[in-house]
Amino acid sequence: MIASDEIRWQRAPPSCQLVWMLLILTGSSCSGKSTLAFPVGERFDRLAVHEMDESGVPQAPPRYWRNHITEKWIQRALEYQADGMDLLLTAQTPLGEILASPSAPLLDGIAMCLVDVADAERRRRLDDRDPGRWSEAAIDAYINWAAWHRGHAQDPEHRPEVIIGTGAPNMAWHRWTSWTANDPRWQTHILDTTDRDRQDCVAELEQWVTRMRADFRARRHPLSFGWMG
């Protein structure tokens, strides 16, 4: 049952025009999201590629910063959608935050890929990328965030309080909090980059984008028009 205040979001798919989608590469730092996204973007027409934090991250991010920047990028995706383009976006935003963002139901479609890596390799990459920058506590926080991402990708009931408890007041968590792991809308492809050749990972991501686009435009994708119903 759709809440009465969300009936206005429901709309039928256009019958005579192409539709466009937001594809998100999520995951904790140093999993390889940006390394894969930009080469893949070069292989497709009408696909824009951006990093959510490409304008920088505040040294001391204000409360709800990730929720607010996620909503801004959804608005940007809607602009691309109006111009007839898909958006491939790298982020640390999990599926639950995307779906709960105020403007998410206006997107033609949403697809999520978790780019992951083993904890030991993430530690090594963090140290190689920014030698001496991270304390053990900071690295542990990235590792814990990665572990939570893995659980969330598999099951919407996996510790939802991690994001809901710190979420902005305008987030619509009820859109998905009654879902279970068996709900077809709860779909996250997992791409593990541990001990893998970069080109092999790029090829897998290319295949995922191709499959998501094809499923969506054939009306087979569960996170498209009317997904809150």
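- Within the 4.5 Å cutoff, the side chain of Leu89 has no heavy atoms near those of the Leu25 side chain.
- Placement of Trp148 and Leu114 in two distinct hydrophobic clusters is found when ILVMFWY residues are connected by side-chain heavy-atom separations under 4.5 Å, directly or transitively.
- In this structure the side chain of Asp53 never reaches within 4.5 angstrom of the side chain of Ser55, judged on heavy atoms.
- Residues forming a side-chain hydrogen bond (donor to acceptor under 3.5 Å, both in side chains) with Ser28 (at least two apart in sequence, or on another chain): none.
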Worksheet entry | Criterion salt bridge (charged side-chain N to carboxylate O under 4.0 Å, His left out) on Arg46 and Asp86, from CA distance to verdict | CA-CA 6 Å; Arg46 308 206 69 77; Asp86 294 322; over 6 Å; no

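- Relative orientation of the Trp179 and Trp227 rings is perpendicular, given thresholds of 30° and 60° on the angle between their planes.
- What you find for Ile74 and Ser101 is that their closest heavy atoms are CD1-CB, 3.4 Å.
- Side-chain atoms of Ser135 come within 3.5 Å of backbone atoms of Ala138 as a donor-acceptor pair (strictly under, hydrogens ignored).
- Two rings, from His50 and Tyr80, have their centers less than 6.0 Å apart.
- In this structure, Ile190 and Gln154 approach most closely via the heavy-atom pair CD1-NE2, 3.1 Å.
- Screening residues 188-201 for salt bridge (Lys or Arg N to Asp or Glu O under 4.0 Å) gives Arg196-Asp200, Arg196-Glu204 as the qualifying pairs, with residues at least two apart or on separate chains.
- Looking at every heavy atom in both residues, Asn170 comes nearest to Pro102 through ND2-CG, 3.4 Å.
- Of all non-hydrogen atoms in His221 and Met212, the two that sit nearest each other are NE2-SD, 3.6 Å.
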Item to complete: Give the intermediate values and the outcome of salt bridge (charged side-chain N to carboxylate O under 4.0 Å, His left out) for residues Arg133 and Asp127.
Response: CA-CA 8 Å; Arg133 177 179 177 182; Asp127 189 56; over 6 Å; no

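- Under the 6.0 Å cut-off for aromatic ring centres, Phe216 and Trp20 do not qualify, their centroids lying 6.0 Å or more apart.
- One finds no salt bridge joining Arg76 and Asp83 here, because no Lys/Arg side-chain nitrogen approaches an Asp/Glu carboxylate oxygen to under 4.0 Å.
- For Glu136, the side-chain hydrogen bond (donor to acceptor under 3.5 Å, both in side chains) partners are Arg123, not counting sequence neighbours.
- No close placement of the Trp186 and His158 rings is indicated, their centers lying 6.0 Å or farther apart.
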